[in-house]
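As the structure is a computational prediction, the values presented were derived from the model and not from experiment. Computed over heavy atoms, backbone and side chain alike; hydrogens, waters and symmetry mates excluded.
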Amino acid sequence: MSAYTDKMVNELKAVDSWNYDLASDYAALHGLSVRSVISKLKNLDIDYTPKPVVKSASPRIRKADIVVQIAEALGMADNAEALAGLEKADARSLTAVLKQLPC
């Protein structure tokens with residue numbers, strides 16, 4: 001059973017172009033999630049403009065690079081591969097460890 005009635009589908013089709021804000025308002029009005037509305041718009045091939053992706057201001061640092069910095073701080077620069085398993089850890093955790101090491 002669909003959460004969308006024929007009336008709701010006609011309302012969706014009546015708007016020329018949708019964006020995130022319109023989808024959010026429509027979802028709130030009908031007790032739906034925004035993801036559901038966006039999915040329905042795409043399923044019906046209705047024009048939808050997603051909200052722009054905001055990039056962070058700082059450059060992205062790879063976890064492998066943080067592990068290398070940890071190895072250097074521990075005096076293990078020539079044996080950094082011994083810490084390779086740390087790359088699987090969370091980036092925030094690695095950064096926290098790096099900040100606690102004497103540089």
Counting N and O atoms only, with roles assigned by atom type, does the side chain of Y48 sit under 3.5 Å from a partner on the main chain of S39, one being a donor and the other an acceptor?
->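 Looks like no, no N/O pair under 3.5 Å.
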Within the distance-only criterion (no hydrogens, no angle test), does the side chain of K63 pair as donor or acceptor with the backbone N or O of A91 below 3.5 angstrom?
->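 Not a single qualifying donor-acceptor pair exists.
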Supply the atom-to-atom distance [X] [atom1] to [Y] [atom2], rounded to the nearest 0.5 angstrom.
X: T95; Y: Q69; atom1: OG1; atom2: CD; value: 8.5 Å
X: S36; Y: L41; atom1: OG; atom2: CG; value: 9.5 Å
X: R92; Y: I66; atom1: CZ; atom2: CD1; value: 11.5 Å
X: K42; Y: L44; atom1: NZ; atom2: CG; value: 13.0 Å
X: I70; Y: L94; atom1: CD1; atom2: CG; value: 5.0 Å

Of the non-hydrogen atoms in [X] and [Y], which two are nearest, and what is the gap between them?
X: D47; Y: D16; result: CB-O, 3.8 Å
X: I46; Y: W18; result: CG2-CD1, 3.5 Å
X: S17; Y: T49; result: OG-OG1, 4.0 Å
X: E87; Y: A64; result: OE2-CB, 3.6 Å

Close side-chain approach of [X] to [Y], heavy-atom, < 4.5 Å:
X: E11; Y: H30; value: yes
X: L86; Y: V97; value: no
X: I38; Y: Y20; value: yes
X: V15; Y: Y26; value: no
X: N19; Y: L22; value: yes

Establish whether V37 and L29 are linked, either directly or via other cluster members, by ILVMFWY side-chain heavy-atom contacts under 4.5 Å.
->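 No; tracing contacts between hydrophobic side chains, which count when under 4.5 Å, never links both residues.
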Answer yes if L98 and L83 sit in the same cluster of Ile, Leu, Val, Met, Phe, Trp and Tyr residues linked by side chain heavy atoms under 4.5 Å apart, and no otherwise.
->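 Yes: a chain of side-chain contacts under 4.5 Å links L98 to L83.
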If you count the non-hydrogen atoms of other residues, nucleotides and ligands that lie under 6.0 Å from CG in N10, is the total more than 12?
->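 It does: N10 CG has more than 12 such atoms within range.
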